[in-house]
Amino acid sequence: TFGHSLPPPTELEIDVCILMDFTGSMGSWMNAAKSHLVDIISSLKEETKAKEIRVAFVGYRDYKDTGRVVTHDFLPVSNSETIINNIQNEQASGGADEPEDVLSGVVAVNKLSWKGHVRVCLHVCDATAHGYCKSLNYCHDNHPTGRCPDQQVGWPDLQGAMNELAHQHNVDFIFCECNPSRTKDLNTMYSNIYGNGDGYGTLPLSDAKHFKEKVLTALCTAVLSLIVSENVGGLQSFAGNTLSAIISTMNTSTRESLAKLSDLLKE
């Protein structure tokens, strides 16, 4: 959202997209998303008092995998049954070499019907993208240029696709790293897209059983920081401060801070 003026919370519309690696090693994370996604978005709506929250889901696998890209465009959280049905039958599968076809996923995210005042994408993965494993030991990449064989003509590279997401669609980005040591090159590129500042944050995830709490906290912190104009309990307003700096407070008194932020909105 990059500092754009926002309406009052009761008029606020929020778009949240989950971009998720659907390959074989992501089974526990996919199950957590299926179990908790609607609760997460419903809690976010309650916490922020937003008029409407819409949720989209994009899953990606790798080149030649069945179900290489799975896209479900935005629906209001009130359509929770449809949202869950859309992703319930998906299973973790595929993936040959270590990197995955993140490019296809981000291109699909760019094609979603973004229209909210606040726009957030959470990328949940445990593996890097093709072309982004140069600093990793023992990483075999079948497509080191970053493009799969069918992406050579008419496709942006991943950096270009992320530039479109950040600067044309004005989408803030939270990188949920299930295996941070293997996604550091990807993290660096993402951070650079956002100028190492506003609109980008990282969220390490070590155990799927904490998916709901950590993702909800990240979303609430990011969104509330946009719509509250003063500093409260160590959480600073979005204008002039980075999303990563806001999220870094999670290991201290986040829940207490979020409660204070929520109280401000209710006053």
Side-chain angles (χ1 to χ4, degrees), residues 1-19 33 36-58 72-84 86 109 112-122 165-174 176 194 198-201 203 211-247 249-250 253-267:
T1 51
F2 300 93
H4 294 174
S5 60
L6 297 173
T10 53
E11 298 299 319
L12 192 70
E13 296 183 358
I14 301 171
D15 288 346
V16 177
C17 171
I18 309 295
L19 171 65
H36 301 304
L37 180 59
V38 170
D39 283 347
I40 288 170
I41 302 303
S42 298
S43 297
L44 177 64
K45 190 174 190 299
E46 179 180 351
E47 194 84 49
T48 61
K49 307 304 176 187
K51 177 183 178 181
E52 183 62 88
I53 297 183
R54 303 189 311 149
V55 60
F57 205 102
V58 175
H72 299 290
D73 207 347
F74 288 105
L75 288 172
V77 70
S78 56
N79 289 8
S80 59
E81 185 174 343
T82 302
I83 294 168
I84 290 301
N86 283 344
V109 170
L112 297 173
S113 57
W114 294 99
K115 67 176 186 179
H117 302 105
V118 173
R119 306 171 184 184
V120 183
C121 179
L122 293 93
L165 185 68
H167 303 298
Q168 294 184 34
H169 299 297
N170 296 324
V171 176
D172 298 337
F173 202 85
I174 301 174
C176 305
Y194 285 86
D198 287 352
Y200 180 72
L203 178 65
F211 180 86
K212 178 180 178 180
E213 179 183 355
K214 286 201 169 188
V215 170
L216 175 58
T217 300
L219 279 171
C220 286
T221 306
V223 172
L224 288 173
S225 68
L226 283 165
I227 57 182
V228 175
S229 59
E230 61 182 277
N231 297 342
V232 182
L235 297 181
Q236 296 180 310
S237 63
F238 186 78
N241 294 279
T242 66
L243 184 57
S244 56
I246 293 166
I247 290 177
T249 66
M250 285 181 192
S253 57
T254 305
R255 277 297 173 188
E256 179 182 353
S257 300
L258 283 174
K260 292 178 181 177
L261 283 165
S262 185
D263 287 343
L264 275 182
L265 293 176
K266 297 171 186 174
E267 291 178 358

Kindly write out the residues that satisfy salt bridge (Lys or Arg N to Asp or Glu O under 4.0 Å) with D73, not counting sequence neighbours, or none if the list is empty.
-> none

About how many Å separate CG of D172 and CG of D15, when rounded to the nearest 0.5 Å?
-> 11.5 Å

Calculate, to the nearest 0.5 Å, the distance between atoms NE2 and CD belonging to H36 and E213 respectively.
-> 11.0 Å

If you round to the nearest 0.5 Å, how far is SG of C17 from NE2 of H72?
-> 11.5 Å

Got a sec, which residues hit side chain to side chain contact (heavy atoms under 4.5 Å, CB included) with V16, two or more places apart in sequence or on another chain?
-> I14, I18, I41, L44, I53, L122, L219

How would you list, by chain and number, every residue that makes a ring-ring contact (aromatic ring centres under 6.0 Å, His included) with F74, sequence neighbours excluded?
-> W114

If every non-hydrogen atom of F211 is compared with every non-hydrogen atom of A33, which pair is closest and at what distance?
-> CE2-CA, 3.8 Å

Check S113 against R54 and note the closest heavy-atom contact, atom names and distance.
-> O-NH2, 2.6 Å

Using the test side-chain hydrogen bond (donor to acceptor under 3.5 Å, both in side chains), find all partners of N86 that sit at least two apart in sequence or belong to another chain.
-> none

Applying side chain to side chain contact (heavy atoms under 4.5 Å, CB included), name anything that partners S43, two or more places apart in sequence or on another chain.
-> L216

Over all atoms of both residues, closest heavy-atom pair of A218 and I174 | O-CD1, 4.1 Å

Spatial distance of atom CG (L37) from atom NZ (K212) [nearest 0.5 Å] = 11.0 Å

Roughly how far, to the nearest 0.5 Å, is OG1 of T221 from CD of E47?
-> 9.0 Å

What pairs with E11 under side chain to side chain contact (heavy atoms under 4.5 Å, CB included), at least two apart in sequence or on another chain?
-> P7, P8, K51

Calculate, to the nearest 0.5 Å, the distance between atoms CZ and CZ belonging to F173 and R119 respectively.
-> 15.5 Å

